[in-house]
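Okay, structure first, notes after.
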Amino acid sequence: YGDLDPTPLLAGFFFLFFGMCIGDAGYGLVLMVAAWYIKRHLDVAAGVRRFMDLLIAGGISSIIVGILTRSYFALTAEQLPEFMRYKPLFDLPQEILNLLIFSIVLGVIHVLFGVGINMYRLARAGDYESLVLDDGSTLLFLASVAAAVVFGEHALPIIVSGITVATIAKGRVHSAPMKPQAAAWDRGLGWAWAIFAILFVELAAFGLGSGLAWPFVAATTVGIAASKGVRATVVGALSGLYELYGMTGYLSDFLSYSRLAALGLASLLVGNVMNILATLVGSAGAIWWIAGALILIVGHTFNVVINLLGAFVHPTRLQFVEFFSKFYEGGGENFSPFAVRAQSVVLHPDQGGQEGGSFRD
């Protein structure tokens, strides 16, 4: 209650993902016509009609994606009319790698959009500390990874700096010495260890920290044994590293979006196989044209139905698992209006019988 409605936030992405999974303008048109016919001419429940509206929207998305990829019933460029032999955005299956990269980039945008939504939720709730230290450090760390890829010659210092800042933020290392309620000198030792640790890690990233290795180990060992402030700071740093380790799940989240390219390619290849089979059978003679036509109709219908299932399930999974996990906290209690409710019922065997009598047939 009082949280964001995720429906408009996921609608645009679901629309795009659905179209990418079908990926064919001809299939999208068939899907639109079939859904419209079911909605208008069959006696179906209201929920089914709403689902048909969803499929009509998915058909529109499939037509858009099919036009951009020049996919019309999986026909090759040579089989299309001259005016339709334009240069597509992705010439599949030759440029499948480009489509795969695009799908993963789209996943990065989708996931980071979820993180941004959570930052908005935290700001609206006034929890600016979590906004900056949790989600803000997540974005900073991911930005450091991207920068390390772009600036390969400086990758190590960049990625180490990102890890250091994220560890400090997620582990609340800056405030850890305050937790034990120790003396001022003890808290000072905790902060001193944190500064020493940051200095050592950053110098090591530039290849300059070898001389500080043993002093750092000694200071850490003595500090843990003698100072509550140092112990709290070390625990905070380890907690931050553990939280940072949990971010490895982002990599699997990003890679999950490769399924969009895979499903779109599968739709194209299966349809292309049906076209090849129909051509081979139809070329055997005039009587075989009927068999070839049946292969086209049955084969493409099967392809649409199978890919329709995948186009609904997989984009939905990307919303619930990869996207919702970044910000959505659904829940609540069933509405229970104020009313008088009986806790028990006493049945009397005879009218006017003794109160509390037992039930008899």
Side-chain angles (χ1 to χ4, degrees), residues 12-40 52-103 105-106 257-284 286 288-315:
F13 286 103
F14 185 88
F15 178 80
L16 175 58
F17 296 166
F18 190 103
M20 291 180 66
C21 290
I22 298 294
D24 188 280
Y27 290 171
L29 180 61
V30 170
L31 184 59
M32 284 183 59
V33 172
W36 176 85
Y37 181 85
I38 293 173
K39 179 182 177 182
R40 293 294 183 182
M52 291 304 107
D53 290 335
L54 177 63
L55 296 186
I56 291 173
I60 295 173
S61 177
S62 302
I63 291 174
I64 295 173
V65 174
I67 292 173
L68 293 177
T69 57
R70 200 187 59 206
S71 180
Y72 302 90
F73 291 108
L75 295 171
T76 62
E78 294 75 16
Q79 296 171 324
L80 292 171
E82 186 66 31
F83 72 92
M84 300 178 70
R85 299 178 185 178
Y86 54 85
K87 175 63 178 175
L89 181 63
F90 297 106
D91 190 4
L92 301 177
Q94 288 77 17
E95 297 182 359
I96 181 58
L97 182 59
N98 293 337
L99 180 61
L100 180 62
I101 295 173
F102 175 79
S103 299
V105 170
L106 189 61
Y257 291 80
S258 61
R259 71 187 66 225
L260 299 175
L263 289 170
L265 182 63
S267 174
L268 172 65
L269 294 180
V270 172
N272 186 253
V273 169
M274 297 303 171
N275 293 337
I276 294 173
L277 289 176
T279 302
L280 292 174
V281 173
S283 63
W288 290 99
W289 290 356
I290 299 176
L294 287 175
I295 290 175
L296 284 178
I297 295 172
V298 175
H300 283 294
T301 301
F302 170 80
N303 198 22
V304 171
V305 172
I306 291 298
N307 283 282
L308 175 61
L309 179 62
F312 181 77
V313 171
H314 290 283

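Residue indices begin at 1 and follow the sequence shown.
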One should read off an interatomic distance between L106 CG and I101 CD1, to the nearest 0.5 angstrom, of 13.5 Å
Look only at the side chain of D24 and the backbone of G66, and say whether a donor-acceptor pair between them is shorter than 3.5 Å. no
Verify, without hydrogens or angle tests, whether Y86 (side chain) and I67 (backbone) share a donor-acceptor contact under 3.5 angstrom. yes
Measuring from T301:OG1 to Y27:OH, what's the distance to the nearest 0.5 Å? 9.0 Å
Nearest atoms (heavy-atom pairs only) where I295 meets A278: CG2-N, 4.0 Å
So, do M84 and L75 sit near enough that their side-chain heavy atoms are less than 4.5 Å apart? no
Salt bridge E95-R70, side-chain N to carboxylate O under 4.0 Å: no
If you round to the nearest 0.5 Å, how far is OH of Y257 from CZ of F102? 13.0 Å
Which atom pair, heavy atoms only, marks the closest approach of A261 to I96? O-CD1, 4.1 Å
Could you tell me whether a side-chain N or O of S61 sits under 3.5 Å from a main-chain N or O of F15, the two making a donor and an acceptor? yes
Between I276 and L280, does the side-chain contact (heavy atoms from CB on, under 4.5 Å) criterion hold? Intermediate values first, please. CA-CA 6 Å; I276 294 173; L280 292 174; 4.0 Å; yes
Candidate pair K39 and L55, rule side-chain contact (heavy atoms from CB on, under 4.5 Å), full reasoning: CA-CA 11 Å; K39 179 182 177 182; L55 296 186; over 6 Å; no
Under 3.5 Å, is there a donor-acceptor pair between the side chain of T69 and the main chain of F90? no
Mind checking the CG-CZ spacing from L100 to R259? Nearest 0.5 Å is all I need. 12.5 Å
Any chance you could lay out the side-chain contact (heavy atoms from CB on, under 4.5 Å) test for L296 and F73, step after step, and finish with the verdict? CA-CA 10 Å; L296 284 178; F73 291 108; over 6 Å; no
Taking every heavy atom of M32 against every heavy atom of I56, the minimum-distance pair comes out as CG-O, 3.6 Å
Counting C-beta onward and ignoring hydrogens, is there a side-chain heavy-atom pair between L92 and L99 closer than 4.5 Å? yes
Of the non-hydrogen atoms in S62 and G28, which two are nearest, and what is the gap between them? CB-CA, 3.6 Å
If every non-hydrogen atom of G292 is compared with every non-hydrogen atom of V281, which pair is closest and at what distance? N-CG1, 4.0 Å
Under the 3.5 angstrom rule, does the side chain of S267 hit a backbone N or O of L263 as a donor-acceptor pair? no
Pairwise side-chain contact, C21 with L260, heavy-atom cut-off 4.5 Å (strictly under): yes
On a heavy-atom basis, which atom in A74 and which in L268 lie closest, and how many Å separate them? CB-O, 3.6 Å
How long is the straight-line distance from CH2 of W36 back to CG of L31, given to the nearest 0.5 Å? 14.5 Å
Could you walk me through whether I22 and V65 satisfy the side-chain contact (heavy atoms from CB on, under 4.5 Å) test, starting with their C-alpha distance in whole Å, then the side-chain angles of each, then the deciding distance to 0.1 Å, before giving a yes or no? CA-CA 8 Å; I22 298 294; V65 174; over 6 Å; no
Kindly compute the distance separating OG1 (T76) from CZ (R85), expressed to the nearest 0.5 Å. 8.5 Å
Would you confirm whether N307, through its side chain, and N303, through its main-chain N or O, come within 3.5 Å as a donor-acceptor pair? yes
